[in-house]
There are 2 protein chains.
Amino acid sequence: MRINQALKTMNQRINLGITSDMHVHLRDGSMCDLVTPTVRDGGVSVAYIMPNLQPPITTLDRVVQYKQKLQRLAPKTTFLMSFYLSPQLTPELIHEAASKNAIRGVKCYPAGVTTNSSGGVDPNDFSNFYPIFQAMEKEGLVLNLHGEKPSVSRGEEDIHVLNAEESFLPALRRLHHDFPNLKIILEHCTTRAAINTVNELNANVKNPADVKVAATITAHHLYLTIDDWAGNPINFCKPVAKLPSDRRTLVEAATSGKPWFFFGSDSAPHPIGNKAKHIGVCAGVYTQSLAIAYVAQIFEQHGAIDKLPEFVSQNAWNFYQLSKDQLQSQDEVVLYKDSQVVPDTITDGDKIQVAPFHAGQKLNWKIEWQCK
Amino acid sequence: MRINQALKTMNQRINLGITSDMHVHLRDGSMCDLVTPTVRDGGVSVAYIMPNLQPPITTLDRVVQYKQKLQRLAPKTTFLMSFYLSPQLTPELIHEAASKNAIRGVKCYPAGVTTNSSGGVDPNDFSNFYPIFQAMEKEGLVLNLHGEKPSVSRGEEDIHVLNAEESFLPALRRLHHDFPNLKIILEHCTTRAAINTVNELNANVKNPADVKVAATITAHHLYLTIDDWAGNPINFCKPVAKLPSDRRTLVEAATSGKPWFFFGSDSAPHPIGNKAKHIGVCAGVYTQSLAIAYVAQIFEQHGAIDKLPEFVSQNAWNFYQLSKDQLQSQDEVVLYKDSQVVPDTITDGDKIQVAPFHAGQKLNWKIEWQCK
């Protein structure tokens, strides 16, 4: 099948439509200046932006200012914004932000599980936030879950980086049960258990508009397993890449065309010095500047290049109920076969250097923009 | 129990006897000059030395020269030497080396699993080495196994850093079955599965002299789990530290007093620059210069300080059938309660810097030598 697919895709040009990456970290300061334009370089038109700046984004003013800043840096990219779930949010603020189209969702970080998550919530008890979720449900906002429980070692209740996601799944089920009309995304899912759960929660879904629980999948988790980050901090991220069986299940899900799976790169840039450390390495893999090419390569390897438009465009479009009038640009992305080598670093030529995923390795695809 | 133990051990001085560390990497060149004297600093009298230099030690000349060099650097330390299992070894060489007391055992590295193991063997098929094992069995030499299978991802046979040791256990059983009188050590074991297997293989052992299959346990694996090396290359080693349940089982085994478990630090120094990298981090944790203090701390935490002499002295003494006339010194080690902080680096003041395990953290014990 692979050989046939290779022949079929040779010289092929594939219009992916208006592409989206529904989990993007653009940071602040010089890093933001460097990476924000790379959203478009990587072949992404619509980007859902994470609010875990320092301090986290929890006010209308800040989310508006941040969006303006991003828009100045990348005028043709559509930025969908989010709040950081915290006690500072109120139902009134949610309603106000929604009425002004300032946000499309709220991101929930369990405390302490990843970069800038120390202000996060206790995933064992979301009840304090139920009034927020009610307001979100009413407004059609999306709840974006970093679905991990914090590590703890106490006998039968051990939680560690390998089972942290699976341990979170009952909380996902409970949230969906308590808010059946709230749109929820299990972000950057990494395990067979998570994929199975999301499939199960969608067992009765008849058409894409009915999907309430979705999952994003990153580019790098389609490639990596635990062996790839053992000894290679560049591949260390949270949730950590798991076992080969998990990776295979992620690839199956991403290439399935199912409307509840779509692309969220979780591209998370760190200065290279924060990766090349013997202690305290920052979690995160940077894939933004070649986002679509990384994904296309895996889809091609699995004979599923024809499923790519669903994964990087249509499914998120439907779930987030996007419309063309919300876009900064209606440009579309065309994928074509041409090899390129991932550069060693992405740099502003001054202070910031970021090592991209799979630096030095060959990719088989490039993208170009079809301007409208 | 912990409080009682703490009271009991306060102001306590414990004579550990002639201590041993049966898995030690002393390297070559400047690193060797730096770390060899730290065997004694760490409270170890007898050290079993790994042969994975570059190139590996496979000749009588080299093992003799290496031992002489180590002896010059640390005249009071007893070095037990080993060959690196490879096709270059012959039964004749084994007999000759044994007759000259040049080696006490042979180390087997599966190809590609850890530092300088590229010349290793295929753990799926040891049959080529059966003549070597026969010669070793006859000479009473010890087979030291790095018990991991190399990673491979192919569906039902996935092997990865987490199950690499467990996947090796059938090979251990087979070797013991085929060579019931060969002394075998599963080195630096890290899993509940390994501990259970070694216990099982000793089910009928009536006294220490009958033990044929033993296991060494490092200091760092008594502390670490997967969460500790995720993002902290300083704690990355092979085999990797596993789950909290595995760690608890290792502590139980080490503190059990059972004669088939004893200390092998696998202290594996790397220049700090080879740890602080974003790709290609070297595997290995350096514990040598505080070896006994690290272990004592864990034993104390678990109310088992009275079991420490078995773990760091008697069990290895019996298994390796050591005798006082083989020693460079009959000095004994006395452990006493006094706090110290692990230094940030061990350095020769020139080019080499090594970051020790738990740098900056407090240890509750010190050692002193009781000279004979």
Side-chain angles (χ1 to χ4, degrees), chain A residues 113-115 150-164 224-248 270-286 344-345 353-360, chain B residues 113-115 150-164 224-248 270-286 344-345 353-360:
Chain A
V113 296
T114 191
T115 304
S151 290
V152 61
S153 170
R154 49 179 182 211
E156 294 313 299
E157 295 173 277
D158 287 341
I159 297 176
H160 44 75
V161 293
L162 281 182
N163 71 359
L224 300 175
T225 67
I226 182 170
D227 282 55
D228 297 303
W229 59 268
N232 288 302
I234 196 67
N235 293 334
F236 168 60
C237 57
K238 296 296 296 296
V240 299
K242 308 291 192 309
L243 306 186
S245 53
D246 293 303
R247 191 190 72 84
R248 283 191 292 270
H270 291 285
I272 196 168
N274 288 347
K275 286 302 225 176
K277 297 169 72 173
H278 68 289
I279 50 170
V281 169
C282 288
V285 173
Y286 175 76
D344 285 341
T345 54
Q353 272 199 319
V354 176
F357 180 59
H358 274 191
Chain B
V113 296
T114 191
T115 305
S151 290
V152 61
S153 170
R154 51 179 182 211
E156 293 313 298
E157 295 174 277
D158 287 341
I159 297 176
H160 43 76
V161 292
L162 280 182
N163 71 359
L224 300 175
T225 68
I226 182 171
D227 281 55
D228 296 304
W229 58 267
N232 288 302
I234 196 68
N235 293 333
F236 169 60
C237 57
K238 295 295 298 297
V240 298
K242 307 292 192 309
L243 305 186
S245 53
D246 294 302
R247 191 191 72 84
R248 283 192 291 270
H270 291 285
I272 196 166
N274 288 347
K275 285 300 223 177
K277 297 169 73 173
H278 68 290
I279 50 171
V281 170
C282 288
V285 173
Y286 175 76
D344 285 341
T345 55
Q353 272 199 320
V354 176
F357 180 60
H358 274 189

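Labels below follow one simple rule: chain letters A, B, ... track the order of the sequence lines, proteins then strands, and each chain is numbered from 1.
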**Q** Taking the side chain as everything from C-beta on, heavy atoms only, tell me whether A/P233 gets closer than 4.5 Å to B/K277.
**A**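 They are not in side-chain contact.
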**Q** Please determine, among B/N163, B/I159, B/L162, B/N274, the option with the most heavy-atom pairs under 4.5 Å with chain A.
**A**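 Heavy-atom pairs under 4.5 Å are most numerous for B/L162.
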**Q** Measure the spacing between CD1 of A/I279 and CG of B/D344 and express it to the nearest 0.5 Å.
**A**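 One finds 8.0 Å between CD1 of A/I279 and CG of B/D344.
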**Q** By a 4.5 Å heavy-atom criterion (distance strictly below it), what part of B/T225 contacts chain A: side chain, backbone, both, or neither?
**A**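 Interface part for B/T225: neither.
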**Q** If the threshold is 4.0 Å, N to carboxylate O, is there a salt bridge linking B/R248 and A/D158?
**A**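 Looking at A/D158 together with B/R248, the answer is yes, because their closest N to O distance falls below 4.0 Å.
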**Q** Could you work out, with salt bridge (Lys or Arg N to Asp or Glu O under 4.0 Å) as the rule, every residue matching B/D227, not counting sequence neighbours?
**A**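 Checked B/D227 against salt bridge (Lys or Arg N to Asp or Glu O under 4.0 Å); zero matches.
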**Q** If you count heavy-atom pairs under 4.5 Å with chain B, which of A/V240, A/N235, A/I234 comes out on top?
**A**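 Highest number of pairs under 4.5 Å: A/I234.
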**Q** Can you see which heavy atom on B/G231 is nearest to which on A/F236, and at what distance?
**A**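 That would be CA-CE2, 3.5 Å.
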**Q** Taking atom CH2 of A/W229 and atom CH2 of B/W229, what is their separation to the nearest 0.5 Å?
**A**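 One finds 3.5 Å between CH2 of A/W229 and CH2 of B/W229.
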**Q** What part of B/A355 gets closer than 4.5 Å to chain A, counting heavy atoms only: side chain, backbone, both or neither?
**A**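 When you check distances to chain A, only side chain atoms of B/A355 fall under 4.5 Å.
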**Q** Atom SG of B/C282 and atom NE2 of A/H278: how far apart are they, to the nearest 0.5 Å?
**A**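 That separation rounds to 14.0 Å.
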